[in-house]
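Since the structure comes first, as structure tokens, the remarks are kept for the end.
Just so you know, these numbers use all the heavy atoms, side chains as well, and skip hydrogens, waters and symmetry mates. Below, chain A is the first sequence line, B the second, and so on; all start at residue 1.
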Amino acid sequence: MIELPKTYSPAEVEDRWYKDWEEKKLFAARNNPAKKPFCIVIPPPNVTGILHMGHALNNTIQDILIRYHRMKGEEALWMPGTDHAGIATQNVVEKSIAKQGLKRQDLGREKFLERVWEWKEQYGSTIIRQLKKLGSSCDWDRTRFTMDEAYSDAVKEVFVRLYEKGLIYQGSYIINWCPRCQTALADEEAPHRELDGHLYYLKYPCKDDPEKFVVVATTRPETMLGDTAVAVNPKDSRYRKLIGKTLVLPLVNREIPIIADAVVDKKFGTGAVKVTPAHDPNDYAMGKKHGLEFVNVMRPDASMNENAGDYKEMDRFEAREVIIEDLKEQGLLEKIEPHRLSAGHCYRCHTIIEPYLSKQWFVNMKPLAKPAIRAVKDGHIKFHPARWKKVYLNWMENIQDWCISRQIWWGHRIPVYYCRACLSQGPSLSESINRQGKGTVPERVAHGVIVSKVKPEKCPVCGSNDIYQDEDVLDTWFSSWLWPFATFGWPFGSGTDATTPGHKFSEKDLRYFYPTSTLVTAQEIIFFWVARMIMAGFEFMGDIPFRDVYIHGTVRDIEGKKMSKSLGNVIDPLEIINEYGTDALRVSIIMITSQGQDVFLSKERFEQGRNFANKIWNAARFVMLNLDPGVIKTDLCEYFKKEDLDITNRWILSRFYSTLKNLNKDLDGFKFNEAANLLYHFFWHEFCDWYLEMIKQDIASPRNQVVMYKILEKFLRALHPFMPFITEEIWQKLHPGSESIMTKPWPHVQEQIIEKRTEQKMEMFFEVVTGIRNMRAEVEIPPHLEIRAIIFCSTRANADMIRPLSAHIKKLCKVSDLDLQLEYRHQKSTLTTLVHGLHLVIPLEGVVDIENQVRKLDEKIKKADQDITAKERTLANSDFLARAPAEIVEKEQTKLADLRQLLTKLKAVRHAFD
RNA sequence: GGGCUCAUAGCUCAGUUGGUUAGAGCGUUGCGUUGACAUCGCAAAGGUCUGAGGUUCAAGUCCUCAUGGGCCCACCA
């Protein structure tokens, strides 16, 4: 007999075992040619990250996969790390120094970066600690950070290689500019959101005849200060004769031409569009095509600049108001209409993006996309669920060049150096603009530009040592996209890893684990990360980075809103862990997350997991209290072969292996919720509710001992990936001094033990038990009163099936005397139920106080009768029908129908007493 | 404008290639507590699977259309 404490205390157990696993290095994986590799690279959380439910879901799934494959005997590596998250982290540190009244400019670049590193040292491991609380079995000795020295080396290497290949170029284009973060953003970082805005109709006077106007419609009137043309469709008869004429731009009095361009939609607005080449991507294209002037009217913070004349220094939205007022005064505002428009928003601070002309670095993506498209089309990389394949391909096939330079300080500084002397002889910015553009080969600014991993001593062209580095840093994703191989130390030039003491990179590891196996991530990040990793994988490793991509849903609150701090609807995983335990958190969130669907959470939903943990604990406790430890050594398959097992034990064994078989299928098919539900249902309702209840009366018998132990032991192993802590704790109580359960092999499906026929027979037996219980409840037989029962079996086969189970029927139904007969004979004062051709009969005489029961029934029948009559009367009343609200009438009708049904049932029971 | 997704019990959702009587958790109702577990057990009530067509021996499941939510992408000023 083994004792287990009466209650399970997750907090103490979890911390103890996690520490033990870590100390014993059980999460470590190395290249081991004797084993099949299985590798997951973690989606690196931001260093600024605080664990939220999205992480909990994401990492639980990964841990389940890793532990499952590890137990299956594969060399399972879960590669951990964090992302420096350029803009996000910079914002956090800026906020923190703002409390001291400081801006980053006050500190200067170097001092500010020191502050960021300090911040990182202090808080950067928070998220890692929290991942450990989740039970994540990452190989922590390999933990990477995207700003590690070795990792940074990979980033520079990649930049240089792409530049030398002609895939990186610099140029001036309209990019997404966040005026708050004051940096360029990639298209993906500026998602469009709908806004309620206005369409302003502005009148631009003709130069020849100031009494005549061309009316243009715009949603951003402040940009009119930068207009350098008005465009119309060449086929638009309203304007045809005006093409080539000149207008005078109000407020600034600049003369601007009317040009013709087929891009203009005749049906939108007035059919005439103002052209602002420096503030709109379409206008930019037109500007180049028609050789227009580029007038930038804003500063980087989106306040107006000197080109804006009187509006200088106003914020863009303030300028909008004032300009509209001024135009109105001058009679140049025709009208304002409400208009729904969509505008880009900064994905970090949600400020409305300003399309802004500036000089940035870009990656030409089309050549990189090609093999990445093929790989998915050919099925070398599979998305789960498969529908994401379409989303991926659609994006990849329309891929745009990637703006990778950011005007912030925290990040990998662009490895580009300029020779001041050579540069001064290069083309000016405006010249360069006019020579570039979509559809043409982008200019590679080669003159005075040196791209190199290390700072050159002197200019290779003119020998000058007046050399300075580009001020910008790279997009965070320009480092993240290398994650599946840069984390292994690629490109192995320097050979050492200065950032993680004691850890040495090995190219062998990369060769062994790459391509990795499965990537587990959320839908929001497919373009940012997944697609780009696939491209980088091909470009730098010549192969796919992973085979399967599992996309899980987004965690939302119970109303379907995204969880966010600002909405205050966050459920903190750590709070759930404190209250219910990590295992409860993990299994709950897995059970309610169906493949790829968003997850709607409320705190109560974690009770299910907590209750399950409690159930497991108590069942294990029960088994152990009654267990003879001698049976532990029994080999189940041998035992099964030799012993003449009874149907109950055959059934539970069969059910276990059926469940296991389906479990394997679900895990291999990324159906984690179904997998967890299988285990839950098997354990609670089959093992506990039926099996343990049945064997209780003969628990000491060898066959019950062996089977209950074996089922528990194998179940614990199968459950371990989902609930690692409680399974370990019970495992260790069962096998004191044993190695961790996580090192034990995954149970093997024993096909010969699965007996469908046995399962069916038991199903029938359950229905018999339920049938008798129902009858007892029906006539209110006191729970503890033992009764007589007769089962008319109708066939000998049925009788033979039921006979060995009669003891169970007696026990489970409180039957003292069970009579099995073949032919059915009607008996007086009995209650009968038909189940699969079996007549279940319980005599009522002597069991129920028949007189009393009949009286009660008659009373109920009488009451129901009266109620029905009353309702019928109400419903026959034409005044009621005419005056009562329809819903009330409907309610009354429903009530009547219910009453009639009740009456029928009562009469049937009453009939049994005749 | 293009695409995806959802609609099943009071609530939140499962339901893998079509196949007997559509499931779970929570909630509701009744009964039950002298040792595994009240974080429990036994039982009950509750569904014309959003609507309309179609394919089929057979449709919650496949097809078409409609209605109503959610999401993504796209340069409509």
How many Å lie between [atom1] on [X] and [atom2] on [N], as a whole number?
{"X": "A:I781", "N": "B:G30", "atom1": "CD1", "atom2": "P", "answer": "21 Å"}
{"X": "A:Y204", "N": "B:A77", "atom1": "OH", "atom2": "C1'", "answer": "11 Å"}
{"X": "A:I525", "N": "B:C71", "atom1": "CD1", "atom2": "P", "answer": "19 Å"}
{"X": "A:E194", "N": "B:C76", "atom1": "CD", "atom2": "C1'", "answer": "13 Å"}
{"X": "A:Y392", "N": "B:C73", "atom1": "OH", "atom2": "C1'", "answer": "16 Å"}
{"X": "A:L679", "N": "B:A24", "atom1": "CG", "atom2": "P", "answer": "18 Å"}
{"X": "A:N662", "N": "B:G15", "atom1": "CG", "atom2": "P", "answer": "15 Å"}
{"X": "A:F622", "N": "B:A36", "atom1": "CZ", "atom2": "P", "answer": "6 Å"}

Applying a 4.0 Å non-hydrogen cut-off, can you work out what [X] is touching in the nucleic acid: base, sugar-phosphate, or nothing?
{"X": "A:V391", "value": "nothing"}
{"X": "A:K6", "value": "sugar-phosphate"}
{"X": "A:E604", "value": "nothing"}
{"X": "A:W684", "value": "sugar-phosphate"}
{"X": "A:R610", "value": "base"}
{"X": "A:T770", "value": "sugar-phosphate"}
{"X": "A:D689", "value": "sugar-phosphate"}
{"X": "A:V216", "value": "nothing"}
{"X": "A:K696", "value": "base"}

Need the pair for [N]. Rule: Watson-Crick or G-U wobble, both distances under 3.5 Å, any strand; none if unpaired.
{"N": "B:U20", "value": "none"}
{"N": "B:A43", "value": "B:U29"}
{"N": "B:U64", "value": "B:A52"}
{"N": "B:A14", "value": "none"}
{"N": "B:C71", "value": "B:G3"}

Taking only N and O in the side chain of [X], is any of them less than 4.0 Å away from OP1 or OP2 of [N]?
{"X": "A:N618", "N": "B:U39", "answer": "no"}
{"X": "A:H339", "N": "B:A77", "answer": "yes"}
{"X": "A:H279", "N": "B:C75", "answer": "no"}
{"X": "A:R340", "N": "B:A77", "answer": "no"}

[atom1] atoms of [N] and [M], separation to the nearest Å:
{"N": "B:G27", "M": "B:C42", "atom1": "P", "value": "16 Å"}
{"N": "B:A45", "M": "B:G60", "atom1": "C1'", "value": "23 Å"}
{"N": "B:A7", "M": "B:U16", "atom1": "P", "value": "12 Å"}
{"N": "B:G10", "M": "B:G46", "atom1": "C1'", "value": "8 Å"}
{"N": "B:U17", "M": "B:G53", "atom1": "P", "value": "25 Å"}
{"N": "B:G30", "M": "B:G19", "atom1": "P", "value": "38 Å"}
{"N": "B:A9", "M": "B:G51", "atom1": "P", "value": "11 Å"}
{"N": "B:U48", "M": "B:G23", "atom1": "P", "value": "15 Å"}

Selected nucleotide, minimal atom distance to [X] side chain, candidates [options]:
{"X": "A:P783", "options": "B:G32, B:C42, B:C75", "value": "B:G32"}
{"X": "A:K390", "options": "B:G25, B:A36, B:C4", "value": "B:C4"}
{"X": "A:E693", "options": "B:A77, B:C37, B:C40", "value": "B:C37"}
{"X": "A:H784", "options": "B:A77, B:C40, B:U33", "value": "B:U33"}
{"X": "A:Q523", "options": "B:C37, B:C71, B:A77", "value": "B:C71"}
{"X": "A:N774", "options": "B:U5, B:A43, B:A36", "value": "B:A43"}
{"X": "A:K615", "options": "B:A43, B:G41, B:A77", "value": "B:G41"}
{"X": "A:K665", "options": "B:C73, B:A43, B:U16", "value": "B:U16"}
{"X": "A:F268", "options": "B:A77, B:U12, B:U5", "value": "B:A77"}
{"X": "A:L625", "options": "B:A43, B:G25, B:A36", "value": "B:A36"}

Could you go through A:H685 and A:D689, starting from their C-alpha distance and side-chain angles, then the distance that decides it, and tell me whether this counts as side-chain hydrogen bond (donor to acceptor under 3.5 Å, both in side chains)?
CA-CA 5 Å; A:H685 298 300; A:D689 287 351; 2.9 Å; yes

Which of parallel (below 30°), tilted (30 to 60°) and perpendicular (above 60°) describes [X] and [Y]?
{"X": "A:F383", "Y": "A:Y392", "value": "tilted"}
{"X": "A:H384", "Y": "A:F670", "value": "tilted"}
{"X": "A:F682", "Y": "A:F715", "value": "tilted"}

A quick test of your reading: do over 12 heavy atoms of other residues, nucleotides or ligands sit less than 6.0 Å from NZ of A:K661?
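At most 12 heavy atoms, drawn from other residues, nucleotides or ligands, come within 6.0 Å of this atom.
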
Would one find more than 12 heavy atoms of other residues, nucleotides or ligands at under 6.0 Å from atom NZ of A:K382?
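For A:K382, atom NZ is not crowded (no more than 12 foreign heavy atoms under 6.0 Å).
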
Given that A:R387 and A:W617 both sit by RNA chain B, which one's nearest nucleotide is further toward the 5' end?
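Here A:R387 is the residue nearer the 5' end.
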
Let me know, please, whether A:A620 or A:T218 comes out on the 5' side of the other along RNA chain B by nearest nucleotide.
A:A620

Is the A:F722 to A:F672 ring centre distance short of 6.0 Å?
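No, they do not, as the ring centres are separated by 6.0 Å or more.
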
Centroid-to-centroid, A:F528 to A:Y347, below 6.0 Å?
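Ring centroids of A:F528 and A:Y347 are less than 6.0 Å from each other.
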
Qualifying residue, where the test is side-chain contact (heavy atoms from CB on, under 4.5 Å) with A:D283 and the options are A:V275, A:V263, A:L292, A:T228
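Output: one option passes, namely A:V275.
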
